[in-house]
Amino acid sequence: MQTFDLTLIWAVIIGFGVIMYVLMDGFDLGVGILFPFAPNEEARDVMMNSVAPVWDGNETWLVLGGAGLLAAFPLVYSIFLPAMYIGVFLLLAGLIFRGVAFEFRFKARTSRYLWNWAFAGGSMVAAFAQGAVVGAYVQGFETENMRYVGGALDWLTPFTVLTGLGLMAGYALLGSTWLILKTEGYIQEWAYKITRPLLLAVLVVFALVSFWTPFIDELVRDRWFSTIQVIWVFPALALFCAWQILKSVGKRQEGVPFVATMGLFIFSYLGLLASRWPYVVPPNYTLYDAASAYESQLFLLLGLLFVIPIVLAYTAWTYWVFRGKVKAGVGYH
Amino acid sequence: MDLDPVLLSRIQFAFVVSFHAIFPVFTIGLASYIAVLEGLAFRTDNPAWVKLSAFWTKVFAIVFGMGVVSGIVMSFQFGTNWSNFSQASANFLGPMLSYEVVTAFFLEAAFLGVLLFGRDKVPKGVHLMSAIMVATGTFISAFWILSANSWMQTPAGVELREGMFHVTSWSEAIFNPSFPYRFAHMIVASFLTGSFVVAGVSAWYLLLGREVEANRKALSMCLWLILVLAPAQAVIGDFHGLNTLEHQPEKVAAMEANWETQSNVPLLLFAIPDQENQTNHFEIGIPSLASLILTHEWDGVVPGLNEVAPENQPPVWIVFWSFRIMVAMGVLMVLAALTGLFLRKGGRVYQTKWYLQFLRVMSIAPFLAVLTGWFVTETGRAPWLVYGIMNQADAVTPSLSGWMALFTLIGYIIVYALVFTAGVYYLFRVLQVGLEGDDSIDEEHDRPMRPFSAAHVSFEYEPYPGVEKDMNLSPAGVPPTGSSSSSSSKNGGQ
């Protein structure tokens with residue numbers, strides 16, 4: 001009966017969902033992180049407007065990711081969330097403040113500065129928490145009998161602080177290259193100016209994590225330095241993307257920096273997955289250990305096969321409708 | 001002091017769910033009302049319908065926005081605080097929650113934009129369809145989430161293997177024994193909530209003499225609907241109660257504070273349940289009535305709490321009193337509807353001041369009824385999480401310590417208090433501006449896809465032409481919003 005390796009299909013779906021979320025919510029979180037450093041209030045208006053039509057849809061991928069993870073890989077869900085308990089709370093609180101700020105900032109006059117802080121602070125906290133999750137995943141979890149048994153703050157180590165800050169820098173880079181694409185005039189000029197230092201920050205973290213990880217984990221060390229050398233193709237491609245960002249910013253190109261930044265994310269992500277495969281709850285459980293029942297995976301997959309294409313089409317259409325530059329003081333028409 | 005992670009997680013979940021639930025319960029009803037208004041506007045061209053629909057769509061947008069924001073927490077709460085439960089029930093609950101996201105959330109998101117911002121941009125028929133699709137989305141959402149909840153109350157279609165539930169029949173699991181009753185009860189409750197809020201706000205506007213024609217229409221529609229639904233809800237509730245008696249007898253015993261299995265059980269109007277001594281103090285009741293309601297015979301035997309060990313009994317005090325508040329609200333709703341019918345003759349219903357005031361206050365009744373109803377059904381299940389199979393202590397996250405649960409509990413309370421205050425404050429600003437609000441005021445800030453953009457109302461107090469004189473009369477319980485002097489002094493700093 002089990003003709004298809006459903007678990008593998010689900011791993012691809014969840015993996016795809018995660019990178020979709022990271023890329024899409026990444027740039028709008030990045031815009032929030034850059035918010036306090038914007039040249040003036042008008043620039044902040046434009047920045048927020050550049051993401052206002054799409055951020056909500058972007059975040060729905062996170063909810064889908066949570067529910068999909070529960071459905072397909074309950075073990076990951078029921079170990080990651082308890083292990084990251086405090087981090088999850090910070091993430092959710094950050095997203096709530098951010099979401100509310102989107103709604104209220106344009107309604108407020110005298111209290112606008114409060115919503116600016118809610119937006120920026122919420123974005124920063126959420127980005128840091130997500131980066132810490134990545135770090136914690138590399139670090140591994142203390143488990144017994146398929147349950148998390150570690151402490152509340154085990155995830156908080158120098159390494160996860162580094163990955164947290166690293167993802168903040170990465171999202172900020174996505175945000176600045178997004179703004180290059182979506183704005184013009186002095187705001188775009190400002191985005192160009194901050195892109196290089198942000199890229200430098202990302203590369204520094206990239207290097208530190210790359211040197212650090214093999215010392216944390218034996219599996220990664222073996223894989224990097226003995227078994228499969230092909231794995232080096234991912235960091236090489238990521239570095240190529242970084243070089244493209246640098247070059248295109250110098251040439252004042254508008255689209256390439258954003259696309260290259262997405263490439264940088266995708267290849268780093270693939271490199272991370274390849275180093276860990278097939279472990280989804282390191283160091284003990286593989287994706288097959290973590291999978292839900294075959295009939296559950298099948299039941300949901302049949303529905304998703306119909307719905308996901310529609311969702312993707314709708315998402316693409318939204319971006320198409322709101323294409324083009326965001327101008328100061330002018331709304332969408 | 002020893003902090004109990006199970007108790008704190010229960011409080012936390014109760015808090016988050018209760019806070020979240022008041023938004024969808026309102027938007028489910030309101031979405032259908034807006035669809036009806038849009039249908040009427042489509043067919044008759046009476047501008048009153050468009051005016052009403054445009055106004056209530058603004059209110060819908062704000063409440064929907066708050067519901068979405070508070071709802072994000074829910075999908076992660078299972079994993080953070082109840083990881084053993086998530087792990088065990090994932091084979092069923094995972095697909096349910098995922099289907100809710102993909103079938104309902106994306107549908108709502110897709111058509112909400114058109115409903116909010118498309119009135120002048122898409123053909124009328126498409127706008128009407130968007131309203132219907134948004135309403136449909138709210139139903140679909142309710143369907144999946146109530147199926148999941150009902151399954152936890154009356155699990156079916158699954159078998160337990162190696163600590164995990166495995167689905168043996170999807171149809172039996174989804175349409176589990178209590179699902180039809182719970183779904184009907186909840187949908188009617190949502191319609192009642194929408195009706196009473198619209199009726200209450202319309203009554204308030206009529207008291208102020210604002211937009212009389214449109215608000216009379218709105219009030220009249222709601223009162224007809226309530227006249228049908230309030231008694232219907234009592235009947236559905238009765239069926240739901242009989243279903244609960246069949247599947248969860250100790251929940252009904254707690255609702256009636258009935259300690260002994262016996263015949264001729266009285267219907268208690270007042271009592272102080274004493275769980276420690278397994279008895280009641282100061283009982284006032286109507287002899288044999290509970291037996292009649294539950295068994296349809298005067299001397300019917302009703303199971304008591306003595307059927308289960310004291311440690312497996314739900315907290316009787318909460319269940320007993322929550323149930324009474326819910327029923328009292330239901331009785332008040334029926335009275336409101338009948339009084340309205342009586343006053344219709346000669347149009348007195350639109351002019352009788354005390355009745356309009358009464359309706360204004362009644363707009364909180366359905367919220368109270370829904371919350372207490374949830375308390376009854378959820379605490380009445382204690383100590384079970386999956387009824388009869390998994391209790392709360394086994395379901396909680398093993399690594400969760402009391403202080404962690406307390407930290408996040410306080411955190412969520414602070415976050416929600418801030419969000420809620422801002423949201424409700426803004427909602428009342430929109431209600432103050434009312435149907436007369438000029439949509440062009442904030443045109444420069446019009447940005448599609450953000451729900452609140454549908455309302456062109458400033459967060460701070462700003463006088464609107466023709467509305468200012470009414471500012472001393474604010475909706476029930478809420479003081480008039482900030483005087484212009486305080487906001488202008490803050491303006492000086494900018």
Side-chain angles (χ1 to χ4, degrees), chain A residues 49 52-54 56-57 59-60 62-64 66-68 70-72 74-75 77-83 85-86 88-89 92-93 95-97 99-100 102-104 106-111 146-152 292-293 295-296 299-300 303-304 307-308 310-311 314 318 329 331-332, chain B residues 65 68-70 72-73 75-76 78-80 83-84 86-87 90-95 97-103 105-106 109-110 164 166-167 170 397-401 404 407-408 411-412 415 419 422-423 426 443-453 457-460 487 490-491 494:
Chain A
N49 281 333
V54 291
D56 199 11
E59 251 170 42
T60 309
L62 181 67
V63 181
L64 182 60
L70 176 64
L75 188 67
Y77 183 88
S78 62
I79 288 177
F80 274 42
L81 290 179
Y85 190 79
I86 304 290
V88 171
F89 167 74
L92 295 174
L95 290 180
I96 288 175
F97 275 117
V100 174
F102 265 109
E103 300 287 9
F104 284 129
F106 285 109
K107 308 293 179 201
R109 303 275 183 278
T110 52
S111 58
M146 305 204 149
R147 303 279 185 268
Y148 177 71
V149 292
S292 61
E295 63 273 12
S296 296
F299 179 71
L300 186 57
L304 287 191
V307 180
I308 290 295
I310 298 170
V311 171
Y314 168 69
T318 314
Y332 292 95
Chain B
V68 169
V69 169
S70 64
I72 297 175
V73 175
S75 64
F76 292 92
F78 295 121
T80 51
S83 73
N84 277 359
S86 323
Q87 168 77 355
N91 284 332
F92 176 66
L93 287 191
L97 298 181
S98 301
Y99 269 121
E100 187 191 7
V101 178
V102 295
T103 58
F105 292 176
F106 280 113
M164 298 259 302
H166 287 260
V167 179
W170 288 101
T397 299
S399 61
L400 187 66
S401 64
M404 284 162 72
F407 171 80
T408 50
Y412 284 124
V415 172
V419 171
Y426 186 64
E443 196 57 52
E444 60 178 306
H445 291 303
D446 188 14
R447 296 292 180 280
M449 302 306 291
R450 268 196 336 259
F452 282 27
S453 306
V457 175
S458 163
F459 194 70
E460 289 92 3
S487 85
K490 270 185 253 160
N491 265 327
Q494 287 244 315

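Numbered from 1 within each chain, the chains take letters A, B, ... in sequence-line order.
Ser399(B) is linked by a side chain to side chain donor-acceptor pair (under 3.5 Å) to nothing, counting only residues two or more places apart in sequence or in another chain. Under the rule for a ring pair (Phe, Tyr, Trp, His ring centres under 6.0 Å), the partners of Phe299(A) that lie at least two apart in sequence or sit in another chain are Tyr99(B), Trp170(B).
Both the backbone and the side chain of Leu62(A) come within less than 4.5 Å of a heavy atom of chain B. The part of Leu92(A) that comes within reach of chain B is its side chain, from C-beta onward, which places non-hydrogen atoms under 4.5 angstrom from that chain. Looking at Thr80(B), the atoms closer than 4.5 Å to chain A (heavy atoms on both sides) sit in the backbone and in the side chain alike. Heavy-atom distances place both the backbone and the side chain of Ile96(A) under 4.5 Å from chain B. Heavy atoms closer than 4.5 Å to chain B are found nowhere in Phe80(A), neither backbone nor side chain.
Between Leu81(A) and Ser83(B) the shortest side-chain heavy-atom distance does not fall below 4.5 Å.
Between Phe89(A) and Phe76(B), the distance from one ring center to the other does not fall under 6.0 angstrom.
In this structure, Leu300(A) CG and Leu97(B) CG are separated by 10.5 Å, a value rounded to the nearest 0.5 Å. Taking CG of Leu70(A) as the reference point, atom CD of Gln87(B) lies at 9.5 Å (rounded to 0.5 Å).
Considering only heavy-atom pairs separated by less than 4.5 Å from chain A, the leading option among Val68(B), Val419(B), Asn84(B), Val167(B) is Asn84(B). No other option in Leu400(B), Leu93(B), Thr103(B) has as many heavy-atom pairs under 4.5 Å with chain A as Leu400(B).
With Ser98(B) contributing its side chain and Ala67(A) its backbone, the two residues share a donor-acceptor pair below 3.5 Å.
A pairwise comparison of heavy atoms in Pro95(B) and Ser296(A) identifies CG-O, 4.1 Å as the closest pair.
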